[in-house]
Every structure is written in structure tokens, then in C-alpha cells.
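Report on the structure given below.
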Number of protein chains: 2
Amino acid sequence: MATIKDVAKQAGVSVATVSYVINGTRNVAPDTAKRVRAAMEALNFHPNAVAQSLRTRTTHVIGAVVSDISNPFFATLIRGAEDCARENGYSLLICNTSEKLENELVYLQLLSRKRVDGMILAPTGKNDELIRDLITRGLQIVFIDRKIDGVDAPAVLSENEEGAYRATRYLIEQGHRQIGIILGLPHVSTTTERLRGYERALTDNGFEIDRALIAYGHSQVAEGKEACLDLLDGADRPSAVFATNNLMTIGVMMAIHKLGLSCPQDVSVVGFDDFEWAAAFEPPLTTVAQDPYRIGYEAVQLLCEYIHAHPHSQDAIKGEDRRIGVKLQIRGSVESIK
Amino acid sequence: MATIKDVAKQAGVSVATVSYVINGTRNVAPDTAKRVRAAMEALNFHPNAVAQSLRTRTTHVIGAVVSDISNPFFATLIRGAEDCARENGYSLLICNTSEKLENELVYLQLLSRKRVDGMILAPTGKNDELIRDLITRGLQIVFIDRKIDGVDAPAVLSENEEGAYRATRYLIEQGHRQIGIILGLPHVSTTTERLRGYERALTDNGFEIDRALIAYGHSQVAEGKEACLDLLDGADRPSAVFATNNLMTIGVMMAIHKLGLSCPQDVSVVGFDDFEWAAAFEPPLTTVAQDPYRIGYEAVQLLCEYIHAHPHSQDAIKGEDRRIGVKLQIRGSVESIK
DNA sequence: GCCAACTTTCTAAACGTTTAGTCTAACCGT
DNA sequence: ACGGTTAGACTAAACGTTTAGAAAGTTGGC
């Protein structure tokens, strides 16, 4: 593969001159430039980005660490991130942690070694020490979807508490009194925020919080289903269930189906995180719609802006969290029982 | 950030020695090694992968070019690819083409400049010249999901023709005589292969091929819906529709719903490409299930094996296409009309 | 005590760029 | 005709590694 030297030789100039015409960083006489361009063309020369990165100390790569890219939420988040990255001349390196601390650790080290210009990260849990360390070492990090308290990096998040609040309030307005909730992973911020919204809606409306109605489904279809089975199994079963992520919503629907109940006649359901085909379900699902595309897009935007404004800065990116609005998407999975 | 020089100085050895202990490429006296490791630890040294790449001419990065990572099919394909890549010490660089030739072109150039060790590519259409050029320049390419005739690179594909054949035959067995088909993008290989399977099933069973029953939905929900509306609008409407990808299947369901018809009573539907929640639909969808995870996994496997066996080879990766089996997943969207 | 063989370490050149600094020649005003 | 300015091109160091080859030191056989 041709190098800048070959081009220089072919065009009868120094490598510096070639570099100047590639990057337009200094004046080059028009006919010299033409000769150089002809040589590049003839040799089919494409600058080696690795060498450029080594010299300029910037890779134009952003790492994206998520738990599972095959989850539609993260898939469209990544899509947004990638679109924004491309617009700014960056590429995205994908890392799936499968919610394992250990994988996350390995990936964070890897991205650091690869000298990515920044990363977006949906933290799995308590790798704080390492993350803090990376930040002090000059790696730019933006949290997505979730955050870690006490780590000084901006985050782009959904209005989790508000969304859960509205979902719960809506169920209350429809006359529901016994409202179960299926929560995700206990130690991630989305879970605690959504729980807070649920609890606030209940107390704001004068209800007690009943621990028996709170279940954990670990953000998975199967576990969400199990948790819901437990919930619906009890003596006085809730008339409504709030599932706090997309996968667990599916699990809830399966559980209802399995028990021979029907939605919304026997049990009303609200999900968190809308997805493209929620409307095609029977019944069409009522959900709290997030905007994952925008989360990804804005997180990368934040990174790019900062990198552009402070190139090679060792200082951590600052700025407060950005909350992306949610919307209660009312369809057909909730019945009024006034 | 500490470099190998800093470590060498701290440990009182040459950089070469440090390199040897990092990579274990030469004997180093045990206590020297210990000193070096201590220095690395103390300085929190992590080798610069960019410099390593420049020197060793291998980046340990694989490019993944797909049309849309937010499509569940590609999302899980990528998931499989990433899992395999990680197991082999590689990372994945993601590129969304949005089915645009122009984007594909830009990305192919980019990946070539970044000197990725290989790439998996779902070709959008007719960028043959460039792709051929990249291959001769020594870039290792494996096609996924689709292929381009006449380009000498292996592909990992579903049994498209067989899947379409079985779907169509199944509909015929259930007594359907007028079977519409909604095809994807005209110039991609999956489309032609699936059409071939459909036609073969018809002729094998003594039916004529009726052009009026063949529609194009360009692989999108909205266009699939439109195409289906056209199909169902005619005088003698088909009793069954075969939608040849996941998005268009959704479009077909929407179209049926919109016309006030119901599935499967009025129109039977078979989709191509199963997805996680197809079973949760009402009716549960009968589809030809592909295994995108395995497609991604095996494609990367192929790359890694080749790269491992022929490091730095300029010769294009060879080997015949690998077909991943499909399975007709019978659920509830087809009615028998015997 | 010497030579061979081996072990351990070092020196220095490469990988392919960018870029600060220098050189040369042309041009201009006086 | 001369010094000052400027445009255009070049030289060489640097980015952080790897690695072939050389050097120095150790061991062992005789």
C-alpha cells in the first residue's frame, strides 16, 4: 500500500509538501499541488490513519459501552450516537458488557489503550474507582441512560422519575388502587429513579406504599415474567402492573397470557420504553416513551463539542446532566375501572 | 500518560526490555521482569495501542458495515459479531449505511484508511468496483446477509431460497392459491433468492406465477404497508401474503388492520426473519426464522481464522459461502382454507 | 584458562505521519 | 543595487512502540 513517501517521490517533492496538500495546512503552489494530487491518484494513496493518530494524538474514535446492543433501546441509542459521530468525523467502537462488571472493566481498559477520544458509557454498576481513574488520566466520558453518583462526568438521561410518576398517576386516574411494579437491576440509577417516581405518585395521591407490590425482574424478559407471575399469584392480585423496561414488559405480557388472564380486562399494563412495534401488539401497549436515539445523539454531541473546544485537554469534561423528555404513550393496555 | 520510556527509566532498563516483558517475546531475567512490572504498576502504564498498531501493522479492529443497526436483525447479527470478536481479541467499528451507496463508499474508504484488519459487510448494492479494489489492496472482506455476484469474497448467508420455498409451500399446503409476496430492495441478493424460492414453490406445485401478486416494499415498514395495501386492494385479493423481511411483516400487519380485515381469518401472513417478540403478537406470527447472531458470529470467525493463519497477507480471503439454516416457525398467523 | 554456547540486555532502525524551523529564490520599494 | 519581505519548498525530529542484530556477561567442558 502506497505511503506518503511514495507519493512524494512520484511527485518530486518532499513528504512535508505532500502532507501540506493533504491537510491544506500551508500554502502550496497550485501546480505543485496538482502534481501531488496526480501522484496520489496514480498510486491510489490513502493516508494511514494509524500513523496520523500516533502523531496527532487523536484517533477520531469514540467508544460506546452498553450492556446489550441487541436490546432495541440500546440499538437505537447507538444508531443516534453513530449518526452524530459520523457528522462530526468520528467512528464508534462498540462494546457489549452483558451487564457484567468484569467485562466492563476489560473494555474500559481496552478503550483507554486504544486512546479513543472519548466514550459514552451505560455503567453497569460499581466500577467507580476505575472510571474515576480513567477520568483523571484524561479520558472523556459521558454517561448514557444511567449514571454513577459521585463520579464527575456529565450524563444524558431520560426523565425517569417523571416518566414513572406519570405512568403511575395515569393508572391511579383510571381507578387502579393496587399497582404492582417490576423493577430492573437494583443498583442502577434508572431503577432507583423510576421507583422514586412510582412511590411519589402513590404518596401524592394518599396511598400507602406496599412492599409486596414491588418486584425485581433484573431487566430481562424471563425474569420479568417470573417476577410478574409472583406478583399476580398472590391472594389479592394487583389490577395493574407497571413494568419498568421494554424487555420486562414483554415478560409481563407473557406472564398474563400464561395465567390465562387477559390484558387489559384482568390486568392493566404500562411499560417503560416504547418500541417501534408496541403499537402492533394486541392490545397495543401503553408505555412511557423514551427517545433513545436522542440520548445517543446528544451524548456524542456533548463529547464532540468538548473535544473540539478543548483539544488534548487532560481536564475532564464538565457540564450538568441533560435530561431527555419522556412521553406517556396511551394505547390499549390499560382499562379504566372507575 | 506514561510511555514505555518512562517505565524503562523507572526500572533502569532499556525500552526493548520493557517491550519484551510486556509481550513475552524474549527471555527476561525474573528479577528484571519483576522490576519492570513494578514500574508499570507504579506509573499506571498501559501500552499505546495506536503505536503498537503502527509498528505491527495490525489494528485488531474489524469494521462492520450494515444498513441499520437499529433493525433487530442487524442488531443481533452485530451482537454475535462482537461476541466472536471479543473472544479473539478484536474490536468492532460500526458503520450504518442507511442503504445509501454513497455512505457505503465513504465508510469503505474510512475503514481502509483506518487499516482495519478486516471487515464484515452487508453490501448495499453496486459498489463492486470499489469493493474489488479494496480486496486487491489487501483488505479482508466477508459478506454478511447478502452478497455481490462476481466479487471474490466469502459470504455468510441465510438459506434464503430454501426459507422462501418452505414458507410458500406451507401456504400452499394450507390451501392457499393466491399468494402475494412483498419483496425488499430489488438489487440485493436476499431479495432475488427469496423470490426464487417463492417462484419455485409455486411452479413445483403446478401454479402459474402471477406478476400482479408480486410487490416491492423496499424493506421498510411504511413501504411494506403501502405495497400490501395495493396488493389487498385489487379485485380478487390474495388469501395470503408472504412478507420477505421483518419490517415489512409489521407493515403488512398494519395494512391488514387498516383495511379493517383481520389476520388470519381474512388474510394469512408469513414473515421472513423471526424476532424476539413475534410470539407476543396477536396473532403470534408465523415466520421463517433466521439466525442473525450466528451469521455475525461465523463471519467474524471466518475473518479471525484467516487473519490468524495468514497474518499480513495481501491475498484476499478465500473459501466458499456459508449458509446458515432457517426454520419455519409456525404460530398463528396462517389459516387453513382447505 | 580458554573457547564455545548461551543468556540477558542494549542499540538503533523502522512503522507513516505532522510540523516547527530553516533555506532559497523571487519580488519590491527605494 | 541592496536589504527586507514573502512564498514555497525542504530537513529533521517527534509520536510510542517492536524487533533484528550486536554486545556483554555467564556458564561449562576440556
Side-chain angles (χ1 to χ4, degrees), chain A residues 1-37 39-40 43-61 110 112-117 137-138 311-312 314, chain B residues 1-37 39-40 43-61 110 112-117 137-138 311-312 314:
Chain A
M1 205 168 276
T3 75
I4 201 173
K5 266 187 207 164
D6 303 323
V7 175
K9 196 178 297 176
Q10 170 110 352
V13 297
S14 73
V15 292
T17 303
V18 177
S19 175
Y20 296 135
V21 354
I22 293 172
N23 301 295
T25 37
R26 263 196 196 180
N27 271 347
V28 172
D31 48 338
T32 312
K34 193 180 297 174
R35 240 172 39 243
V36 169
R37 265 187 272 273
M40 296 200 297
L43 296 172
N44 199 359
F45 167 76
H46 294 268
N48 182 324
V50 176
Q52 292 178 317
S53 291
L54 178 60
R55 178 56 221 233
T56 62
R57 302 159 143 279
T58 131
T59 53
H60 285 268
V61 171
L110 177 73
S112 153
R113 280 214 321 270
K114 286 213 183 277
R115 301 296 190 266
V116 296
D117 290 350
R137 297 239 305 279
H312 299 139
Q314 288 294 304
Chain B
M1 204 167 277
T3 74
I4 200 173
K5 268 188 206 162
D6 303 323
V7 175
K9 197 178 297 173
Q10 169 108 354
V13 298
S14 73
V15 293
T17 305
V18 177
S19 175
Y20 295 136
V21 354
I22 294 174
N23 301 297
T25 36
R26 261 200 200 179
N27 270 350
V28 173
D31 49 337
T32 312
K34 195 180 294 175
R35 241 171 39 242
V36 169
R37 264 187 274 272
M40 297 200 297
L43 296 171
N44 198 358
F45 167 77
H46 294 268
N48 183 323
V50 176
Q52 291 179 316
S53 292
L54 178 58
R55 178 58 223 234
T56 63
R57 299 158 144 282
T58 131
T59 53
H60 284 268
V61 171
L110 177 73
S112 152
R113 281 213 321 271
K114 288 217 184 273
R115 301 296 191 264
V116 296
D117 290 349
R137 296 238 305 280
H312 299 138
Q314 289 294 304

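What you see below is based on every heavy atom in this structure, not just the backbone, and it leaves out hydrogens, waters and symmetry mates. This structure is a prediction, so every number in the text was calculated from the model and none was measured. Just so it is clear: chains get the letters A, B, ... in the order the sequence lines come, proteins before strands, and each one is counted from 1.
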Exercise for review: Decide yes or no on side-chain contact (heavy atoms from CB on, under 4.5 Å) for I22(B) and F45(B), but give the supporting numbers first.
Suggested key: CA-CA 11 Å; I22(B) 294 174; F45(B) 167 77; 3.6 Å; yes
Practice item. Under 4.0 Å between any heavy atoms, over every strand shown, what does A29(A) touch: base, sugar-phosphate, or nothing? Just pick one. Key: sugar-phosphate
Exercise for review: Please check if the side chain of H312(B) supplies one atom and the backbone of T56(B) the other of a donor-acceptor pair under 3.5 Å.
Suggested key: yes
Please tabulate the protein-to-nucleotide N/O contacts below 3.5 Å involving nucleotides 25-28 of chain C, giving atom names and distances.
none

Exercise for review: Measure the angle between the two terminal helix axes of the helix from dG1(C)-dC30(D) to dT30(C)-dA1(D), five base pairs each, and quote it to 10°.
Suggested key: 50°
Review point. Is the shortest side-chain N/O distance from T17(A) to OP1 or OP2 of dC10(D) below 4.0 Å?
Key: yes
Practice item. Applying side chain to side chain contact (heavy atoms under 4.5 Å, CB included) between V13(A) and each of V36(A), V21(A), V28(A), V7(A), report the one that passes. Key: V36(A)
Review point. Checking all strands, does V50(B) fall into the base, sugar-phosphate, or nothing category for heavy-atom contacts under 4.0 angstrom?
Key: nothing
Revision key, fill the gap. Separation of dT19(D) atom C1' from I4(B) atom CD1, nearest Å, is 11 Å
Exercise for review: Would you mind telling me which of dC15(D), dT17(C), dT11(C) lies closest to the side-chain atoms of N48(A)?
Suggested key: dT17(C)
Review point. With a 4.5 Å limit on heavy-atom distance, are the side chains of R37(A) and K34(A) in contact?
Key: no
Check your understanding: For the pair made of NZ in K34(A) and C1' in dG8(D), what is the distance, rounded to whole Å?
Key -> 17 Å
Study note, to complete from the structure: Interatomic distance, CG@N48(A) vs CZ@R57(B), rounded to 0.5 Å, equals 8.0 Å
Review point. Roughly how far, to the nearest 0.5 Å, is the CD1 atom of I4(A) from the CD atom of Q52(A)?
Key: 8.5 Å
Exercise for review: Considering just the side-chain nitrogens and oxygens of N27(A), establish if one lies under 4.0 Å of OP1 or OP2 belonging to dA7(D).
Suggested key: no
Point to revise | Nucleotide nearest P47(B) (side chain, heavy atoms from C-beta), chosen from dT17(C), dT11(D), dT17(D) | key: dT17(D)
Exercise for review: Check every strand shown and say whether T32(A) touches a base, only sugar-phosphate, or nothing at a heavy-atom separation below 4.0 Å.
Suggested key: sugar-phosphate
Practice item. State whether the side chain of R113(A) and the backbone N or O of H46(B) hold a donor-acceptor pair below 3.5 Å, judged by distance alone. Key: no
Review point. Which is true for R26(A) with a 4.0 Å heavy-atom rule: it touches a base, it touches only sugar-phosphate, or it touches nothing?
Key: base
Check your understanding: Expressed in angstrom and rounded to an integer, what is the separation of K9(A) atom NZ from dC10(D) atom P?
Key -> 14 Å
Exercise for review: Could you tell me the separation between the CG atom of L43(B) and the NZ atom of K9(B), rounded to the nearest 0.5 Å?
Suggested key: 10.5 Å
**Study point:** Full working for side chain to side chain donor-acceptor pair (under 3.5 Å) between S112(B) and R137(B)
**Key:** CA-CA 9 Å; S112(B) 152; R137(B) 296 238 305 280; 3.1 Å; yes
Exercise for review: Tell me what T56(A) touches on the nucleic acid: a base, only sugar-phosphate, or nothing, going by heavy atoms under 4.0 Å.
Suggested key: sugar-phosphate
Revision key, fill the gap. Assign each of Y20(B) and L54(B) the nucleotide of DNA chain C bearing its closest heavy atom; nearer the 5' end lies the nucleotide of Y20(B)
Review point. Nearest nucleotide by nearest heavy atom, which residue falls closer to the 5' end of DNA chain D, R115(A) or V13(A)?
Key: V13(A)
**Study point:** Spacing between L43(A) atom CG and dG16(C) atom P, to the nearest angstrom
**Key:** 14 Å
Exercise for review: Mind checking T3(B) for me? I need base, sugar-phosphate or nothing, with any heavy atom below 4.0 Å counting as a touch.
Suggested key: sugar-phosphate
Check your understanding: Nearest heavy-atom pair of Q10(B) and A39(B): which atoms, and what distance?
Key -> CG-CB, 3.5 Å
Point to revise | Gap between atoms CD and C1', on Q52(B) and dA14(C) respectively (whole Å) | key: 16 Å
Study note, to complete from the structure: R113(B) atom CZ is separated from dT17(C) atom P, nearest whole Å, by 11 Å
Practice item. Check if the side chain of R55(B) and the base of dT17(D) share a donor-acceptor pair of N or O atoms closer than 3.5 Å. Key: no
Review point. Under 4.0 Å between a side-chain N or O of S19(B) and OP1 or OP2 of dT18(D)?
Key: yes
Check your understanding: If you look at every strand shown and take non-hydrogen atoms under 4.0 Å, does V28(B) touch a base, only sugar-phosphate, or nothing?
Key -> sugar-phosphate
Point to revise | Nearest-angstrom distance from the residue atom CD1 of I22(B) to P of dT19(D) | key: 12 Å
Check your understanding: Do S53(A) and R115(A) have side-chain heavy atoms sitting under 4.5 Å apart?
Key -> no
Review point. Taking atom C1' of dT17(D) as reference, at what distance in whole Å does atom NZ of K114(A) sit?
Key: 14 Å
